**Q** 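Sharing a structure, written as structure tokens. Questions coming.
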Amino acid sequence: MNEIKKEEEKSLNFLEEIVEEDLEAGRTRTVLTRFPPEPNGYLHIGHSKSICLNFGLAQKYGGKTNLRFDDTNPVTEDTEYVESIKEDIKWLGYEWANEFYASDYFEQLYQFAITLIKKGLAYVDDSTSEQIAQQKGTPTEPGKESPYRNRSVEENLQLFNDMREGKYKDGEKVLRARVDMSSPNMHMRDPILYRIKHAHHHRTGDSWVIYPMYDFAHGQSDSIEHITHSICTLEFVPHRPLYDWLIKQLEIFPSHQYEFARLNLSYTVMSKRKLLQLVNEKHVTAWDDPRMPTISGLRRRGYTPESIRMFAEKIGVQKRDNLIEVGLLEFCIREHLNKIAQRRMVVFDPVKVVLTNYPEGEEILKSEDNPEDPDTTYRDIPFSRELYIEREDFMENPPKKFFRLSPGQKVRLKSAYIIQCDEVIKDEAGNIQELHCSYLPGTKSGGEHANMKVQATIHWVSIPHAITAEVRLYDRLFRVENPASEEGDFKDYINPDSLQVLPTVYAEPALKTAKFDERYQFLRKGYFTLDKDSSEEKMIFNRTVTLRDNWAKEQKKA
RNA sequence: UGCCUUAUAGUAUAAUGGUAGUACGACAGAUUCUGGAUCUGUUUGUCUUGGUUCGAAUCCAGGUAAGGCAACCA
């Protein structure tokens with residue numbers, strides 16, 4: 001309810017404005033968008049901006065969104081990618097109205113080409129790719145017309161048919177639009193519409209040897225589907241005149257293209273090519289490595305769809321280039337995980353505590369699974385004479401603002417007792433072996449002296465009851481904010497410490513039943529989720545994100 | 001030295017000729033059985049020069065800067 005109200009008060013982004021104007025002016029009665037991935041790689045967080053935009057816009061105005069695979073280049077595309085893309089979109093929480101493929105329209109597109117030829121607006125060109133590049137000129141000089149530009153309609157029809165029949169080899173001929181070789185817009189200088197590729201297509205098999213180019217597939221597919229608002233990224237702005245020209249000459253449904261600035265995220269890269277390189281050259285383990293900005297990587301890392309949708313909402317949409325701080329993404333996931341994560345206690349770097357005045361045996365204590373949840377459940381935690389606490393939670397000679405355990409000082413053990421440190425036991429080298437402490441019996445959580453004030457509460461595990469697990473701590477993949485804009489190879493800026501593995505950490509027994517779809521907060525440590533590498537013998541947890549840490553900040557200042 | 005797009009706090013994003021606001025961050029404090037969460041407060045901005053106007057972030061003109069465009073990729 002609250003959220004809906006907020007939404008109503010919120011100002012519109014420029015795409016929503018366009019849609020509302022179109023609706024008001026009666027230019028359209030419905031909103032139909034599409035998400036048009038090429039199945040040649042995995043989706044990343046940048047795509048999720050586009051997905052949320054396309055699906056979100058349609059949803060908001062009671063419209064629908066098609067999923068359309070832009071599969072016009074058989075040599076790079078594969079069904080493996082089709083499947084991963086569908087999975088990622090569903091996971092993000094969106095449902096497409098129709099699953100289409102540009103390749104569904106190959107015959108229709110071929111007929112469109114014939115229409116153009118008949119109108120004298122397309123011709124078969126025998127020039128080589130180098131010659132065509134020459135003819136195009138440069139941005140500052142006009143192009144030259146191809147010697148094949150003025151072939152007759154009949155000849156073009158025949159040659160184009162022969163292209164389809166497979167009478168020519170790859171690269172021998174192309175079909176070009178006949179527009180304007182002196183246009184200041186390079187894309188209008190007789191762009192290529194069809195090329196010959198004797199290649200196996202993931203859906204049409206070997207039935208075609210000519211394939212349409214992006215410019216002769218995308219807009220036409222939009223039009224065939226009656227897409228009202230075709231939303232793409234900024235690099236397609238110069239294609240728009242061609243998009244409009246083709247639709248006009250073909251006299252087909254007038255879809256319109258609108259462009260927004262793609263997402264850039266700090267400390268990572270966002271191009272399929274670069275991500276593919278990271279995978280191929282083994283800088284990461286796979287497309288779904290939890291350090292990757294892919295949707296599958298984020299999912300494995302423990303991000304939730306809700307958090308990614310919140311992120312997309314918060315970054316907004318505009319036409320100016322941007323570099324979003326990864327901190328905003330982290331804010332979004334913390335925001336969600338804080339509400340849903342089950343709290344557990346896990347000690348990463350243990351130091352042994354012996355409670356000298358605590359009897360042998362055990363005691364079962366209760367602790368809330370999530371203090372943020374008013375209806376929280378409680379779990380049992382065994383307590384005993386010998387415990388582990390975090391080594392960094394004890395300091396022999398603490399600085400002023402250190403609130404945790406130190407000789408003679410008291411600290412609260414979460415959901416248990418207040419303890420006091422009496423003696424520090426060291427080995428010959430002076431390393432701390434264990435801490436001898438006494439507990440204050442009346443200070444048990446909920447007990448009569450539970451309100452006694454101490455500076456800090458720390459987490460702990462009972463040694464005889466502890467279970468072990470592996471923990472994988474992730475940091476940003478790159479050392480610099482914008483690796484793509486740095487001098488030289490972006491891979492030179494990879495952060496060598498992006499993964500830290502702790503093979504053995506000690507956890508309270510309740511974690512034994514950890515589930516893959518459950519999110520956990522390891523108290524004072526961060527948010528974690530079970531990794532798919534886990535086995536019956538060994539649980540492995542990925543750190544999704546740390547908790548905010550003001551103490552660390554304080555230390556940095558000092 | 002062509003064409004296109006863009007320019008508002010550190011980062012994003014509003015204000016659609018009429019009080020420059022919001023979020024994240026940063027800083028300070030309150031509170032807390034997580035140095036988490038929560039709450040309160042503070043800080044910082046209209047690229048530049050002119051013009052139109054009672055009034056300009058907004059309209060106009062010139063500059064500047066950033067990004068894009070010359071794949072048989074999408």
Side-chain angles (χ1 to χ4, degrees), chain A residues 10-13 17 36-38 40 70-73 75-77 102 125 128-129 132-134 136-143 170-176 183-187 189 192-197 210-211 213-215 217-218 232-241 259 261 266 272-273 313-325 327-332 334-335 338-339 343 345 367-368 371-372 401-404 411-416 418 443 445-446 450-452 454-459 521-526 546-555:
Chain A
K10 238 193 109 207
S11 51
L12 304 175
N13 68 43
E17 266 176 30
E38 184 188 9
N40 69 345
D70 232 332
D71 56 350
T72 57
N73 185 3
V75 300
T76 58
E77 294 153 5
D125 195 332
T128 65
S129 123
I132 289 174
Q134 280 287 320
K136 285 229 171 173
T138 70
T140 51
E141 303 161 50
D170 286 11
E172 228 176 303
K173 284 182 167 50
V174 292
L175 184 75
R176 283 229 256 174
S183 169
N185 182 339
M186 298 296 290
H187 297 279
R189 320 242 266 225
I192 293 171
L193 265 22
Y194 266 94
R195 77 287 213 191
I196 299 170
K197 274 181 196 280
I210 57 171
Y211 291 93
M213 297 286 289
Y214 168 85
D215 284 308
H218 199 103
C232 62
T233 47
L234 248 30
E235 68 267 30
F236 293 101
V237 170
H239 293 250
R240 179 157 25 96
E259 312 86 8
S266 65
K272 280 187 197 169
R273 207 195 89 246
E313 176 68 28
K314 281 190 178 295
I315 59 177
V317 55
Q318 249 310 331
K319 300 182 78 154
R320 41 181 176 258
D321 289 333
N322 58 78
L323 179 63
I324 310 282
E325 292 172 342
L328 184 62
L329 217 209
E330 293 175 345
F331 166 81
C332 293
R334 283 189 187 112
E335 183 90 345
N338 177 48
K339 294 196 179 77
R343 313 292 136 124
M345 293 201 282
S367 190
E368 69 274 6
E372 295 293 313
K401 285 184 171 170
F402 186 81
F403 300 150
R404 284 108 94 154
V411 76
R412 149 86 56 196
L413 297 178
K414 171 70 181 172
S415 298
I418 290 171
T443 61
S445 295
N451 292 333
M452 179 185 236
V454 286
Q455 292 249 61
T457 299
I458 63 173
H459 62 280
Q521 185 197 101
F522 293 176
L523 243 60
R524 307 204 302 134
K525 284 293 179 188
T546 59
L547 258 25
R548 274 183 64 203
D549 190 349
N550 282 317
W551 171 240
K553 232 188 273 176
E554 189 74 33
Q555 283 175 308

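This one's a predicted model, so the numbers in the text were calculated from it and none came from an experiment. All chains are named by letter (A, B, ...) in the order of the sequence lines, taking the proteins before the strands, and each is independently numbered beginning at 1.
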**Q** Measure from the side chain of A:S11, starting at C-beta and using heavy atoms only, and say which of B:A70, B:A74, B:A15 lies closest.
**A** B:A15
**Q** Answer yes or no: side-chain N or O of A:Q521 and base N or O of B:U34 forming a donor-acceptor pair under 3.5 Å.
**A** yes
**Q** Looking just at side-chain N and O atoms, do A:T72 and A:E38 make a donor-acceptor pair shorter than 3.5 Å?
**A** no
**Q** The side chain of A:T457 lies closest to which of these nucleotides: B:G2, B:A74, B:U34?
**A** B:U34
**Q** Give one of base, sugar-phosphate or nothing for A:E38, where a contact means two heavy atoms less than 4.0 Å apart.
**A** sugar-phosphate
**Q** Within the structure shown, what part of the strands sits under 4.0 Å from A:F402 by heavy-atom distance: base, sugar-phosphate, or nothing?
**A** base
**Q** Between atom CG in A:N322 and atom C1' in B:G68, what is the gap in whole Å?
**A** 14 Å
**Q** May I have the distance from A:Y194 (atom OH) to B:A71 (atom P), rounded to whole angstrom?
**A** 21 Å
**Q** Measuring from the side chain of A:D549 (C-beta onward, heavy atoms only), which nucleotide among B:G36, B:G35, B:U13 has the closest atom?
**A** B:G35
**Q** Applying a 4.0 Å non-hydrogen cut-off, can you work out what A:L234 is touching in the nucleic acid: base, sugar-phosphate, or nothing?
**A** nothing
**Q** Using atom C1' of each nucleotide, how far apart are B:U58 and B:G18 to the nearest Å?
**A** 11 Å
**Q** Select base, sugar-phosphate, or nothing to describe what A:K314 touches, counting heavy atoms under 4.0 Å on all strands.
**A** sugar-phosphate
**Q** Of the nucleotides B:G36, B:U1, B:C27, which has the atom closest to the A:N338 side chain?
**A** B:G36
**Q** Once you apply a heavy-atom cut-off of 4.0 Å, does A:V174 come out as touching a base, just sugar-phosphate, or nothing?
**A** base
**Q** Just compare B:G2, B:A74, B:A23 and give me whichever is closest to any side-chain atom of A:P184.
**A** B:G2
**Q** Mapping A:R240 and A:N451 to their closest nucleotides on RNA chain B, which lands nearer the 5' end?
**A** A:R240
**Q** Under 4.0 Å between any heavy atoms, over every strand shown, what does A:L323 touch: base, sugar-phosphate, or nothing? Just pick one.
**A** sugar-phosphate
**Q** What nucleotide among B:C73, B:A74, B:C72 has an atom nearest to a side-chain atom of A:F236?
**A** B:A74
**Q** At 4.0 Å (heavy atoms only), tell me whether A:N73 reaches a base, stays on the sugar-phosphate, or touches nothing.
**A** sugar-phosphate
**Q** Could you tell me which non-hydrogen atom of A:R334 sits nearest to which non-hydrogen atom of A:L547, and how far apart they are?
**A** NE-C, 3.9 Å
**Q** On a heavy-atom basis, which atom in A:A261 and which in A:R320 lie closest, and how many Å separate them?
**A** CB-O, 3.1 Å
**Q** State whether the distance check finds a donor on one side and an acceptor on the other, under 3.5 Å, for side chain A:E330 versus base B:G25.
**A** no
**Q** Would you say whether A:Y214 stacks on B:A74? The test is a distance between ring centres of less than 5.5 Å and an angle between planes of less than 30°.
**A** no
**Q** Does one side chain, of A:H187 or A:D215, offer a donor that lies under 3.5 Å from an acceptor on the other?
**A** no
**Q** Within the structure shown, what part of the strands sits under 4.0 Å from A:G526 by heavy-atom distance: base, sugar-phosphate, or nothing?
**A** nothing
**Q** Quick one: which of B:U5, B:A70, B:A74 gets closest to the side chain of A:K319?
**A** B:U5
**Q** Check every atom of B:G35, B:A14, B:U5 against the side chain of A:R320 and return the nucleotide holding the closest atom.
**A** B:A14
**Q** Looking at every strand, decide which applies to A:P37 at a 4.0 Å heavy-atom threshold: base, sugar-phosphate, or nothing.
**A** nothing
**Q** Counting any heavy atom closer than 4.0 Å, what does A:T72 reach on the DNA or RNA strands: base, sugar-phosphate only, or nothing?
**A** sugar-phosphate
**Q** Let's see if you can work this out: which of B:C27, B:G36, B:A74 has an atom nearest to the side-chain heavy atoms of A:K553?
**A** B:C27
**Q** Choose from B:A12, B:C72, B:C73 the nucleotide whose nearest atom is closest to any side-chain atom of A:I132.
**A** B:C72
**Q** With heavy atoms under 4.0 Å as the rule, sort A:Q318 into base, sugar-phosphate or nothing.
**A** sugar-phosphate
**Q** Within the 4.0 Å heavy-atom criterion, would you say A:K525 contacts the bases, only the backbone, or no part of the nucleic acid?
**A** nothing
**Q** Would you write the dot-bracket representation of RNA chain B, where each base gets (, ), [, ], | or . depending on whether it forms a Watson-Crick or G-U pair under 3.5 Å and with which partner?
**A** .((((((..((((....[..)))).(((((.......)))))....(((((..]....))))))))))).....
**Q** Distance between the C1' atoms of B:U49 and B:U64, in whole angstroms?
**A** 10 Å
**Q** Indicate, with a heavy-atom threshold strictly under 4.0 Å, whether A:H239 touches base, sugar-phosphate, or nothing.
**A** base
**Q** When all nucleic acid strands are considered with a 4.0 Å heavy-atom cut-off, which category describes A:R404: base, sugar-phosphate, or nothing?
**A** base
